[in-house]
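This one's a predicted model, so the numbers in the text were calculated from it and none came from an experiment. So that the names make sense, note that chain A is the first sequence line, chain B the second, and so on, each numbered from 1.
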Number of protein chains: 2
Amino acid sequence: MKNRLKVLRAEHDMTQAQLADAANVSRQTINAIEKGKFDPSLPLAFKFSKLFKKPIEDIFQDEEE
Amino acid sequence: MKNRLKVLRAEHDMTQAQLADAANVSRQTINAIEKGKFDPSLPLAFKFSKLFKKPIEDIFQDEEE
DNA sequence: TCTTTTTGTAAAGTTTTGTTTACATTATGA
DNA sequence: TCATAATGTAAACAAAACTTTACAAAAAGA
């Protein structure tokens, strides 16, 4: 699963810490997701969707054929 | 988090076991999600999305204000 | 009604997601 | 250059998602 969090953060001029705060998770969680260490839960994906006002599909892309 | 899995399954005339199979999870996982016991992972949500050819937002609805 | 299929549920265990604390590395800016 | 902010990472732990086995209840069909 790929994601555009880093770019969206840049567009919104936010740090990992600020996004973590807005999404109610730890900064390490944001970092791990951006770095592809793991995928967020569905509820967390919805939070990003709401924060960036974009559908989940615009933020996360499945990468299995 | 609410979901329309049961209805979508009905529309596609699938049993929980068939959906489980198509999504590569156990039947109990499908049942638990339908019953609201827990939310699927984001990757699993994407599988449902692909199977039913509907955006994740059409299948799952966040219910926090 | 009797049989079979489907759904609900539970307990014990594994894997994945997320936290906390802590520190090292890399930008940024004065 | 020096300080500070931002990012990367790691280990130990907690919580949530998911599996397996197993059985009971409900629905559907002959």
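Remark: P of C/dT17 and CZ of A/Phe48 are 13 Å apart, rounded to the nearest angstrom. Distance A/Asn24 CG to C/dT17 C1': 16 Å, rounded to the nearest Å. Computed from coordinates, the B/Asp13 CG to D/dA28 P distance equals 12 Å when rounded to whole Å. The separation between A/Leu44 atom CG and C/dT16 atom C1' is 14 Å, rounded to whole Å. One atom, CD1 of A/Ile33, and another, P of C/dT16, lie 15 Å apart when rounded to the nearest Å. Counting to the nearest Å, the P atom of C/dG18 and the CG atom of A/Leu19 are 13 Å from each other. When the C1' atom of D/dA17 is taken as reference, atom CG of B/Asn3 falls 15 Å away, rounded to whole Å. Across the protein-nucleic acid pair, A/Phe46 atom CZ and D/dA16 atom P stand 19 Å apart, rounded to whole Å.
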Exercise. How does protein reach along nucleotides 3-12 of chain C, written 5' to 3' as B (base within reach of a heavy atom under 4.0 Å), S (only sugar-phosphate), or - (no contact)?
Worked result: ---SBBBB--
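The CG atom of B/Leu19 sits 11.5 Å away from the CG atom of B/Asn31 when rounded to the nearest 0.5 Å.
By the 4.5 Å heavy-atom criterion applied to side chains, A/Leu42 and A/Ile56 are counted as neighbours. Between B/Gln18 and B/His12 there is no side-chain heavy-atom pair separated by less than 4.5 Å. Side-chain contact between A/Met1 and A/Asp62: present, with at least one pair of heavy atoms (C-beta onward) separated by less than 4.5 Å. Side-chain contact between A/Ser49 and B/Glu57 is present, with at least one heavy-atom pair separated by less than 4.5 Å.
Judged by distance alone, the side chain of B/Asp39 and the main-chain N or O of A/Pro43 form no donor-acceptor pair under 3.5 Å.
Residues A/Asp58 and A/Arg4 approach most closely at O-NE, 3.4 Å, considering heavy atoms.
Contact between the side-chain N/O atoms of B/Ser41 and the OP1/OP2 oxygens of C/dT17 is not found at any separation under 4.0 Å. Between A/Thr29 and C/dG18 there is no side-chain polar atom (N or O) within less than 4.0 angstrom of OP1 or OP2.
In the set D/dA17, C/dG18, D/dC18, the nucleotide with an atom closest to the side chain of B/Asp39 is D/dA17.
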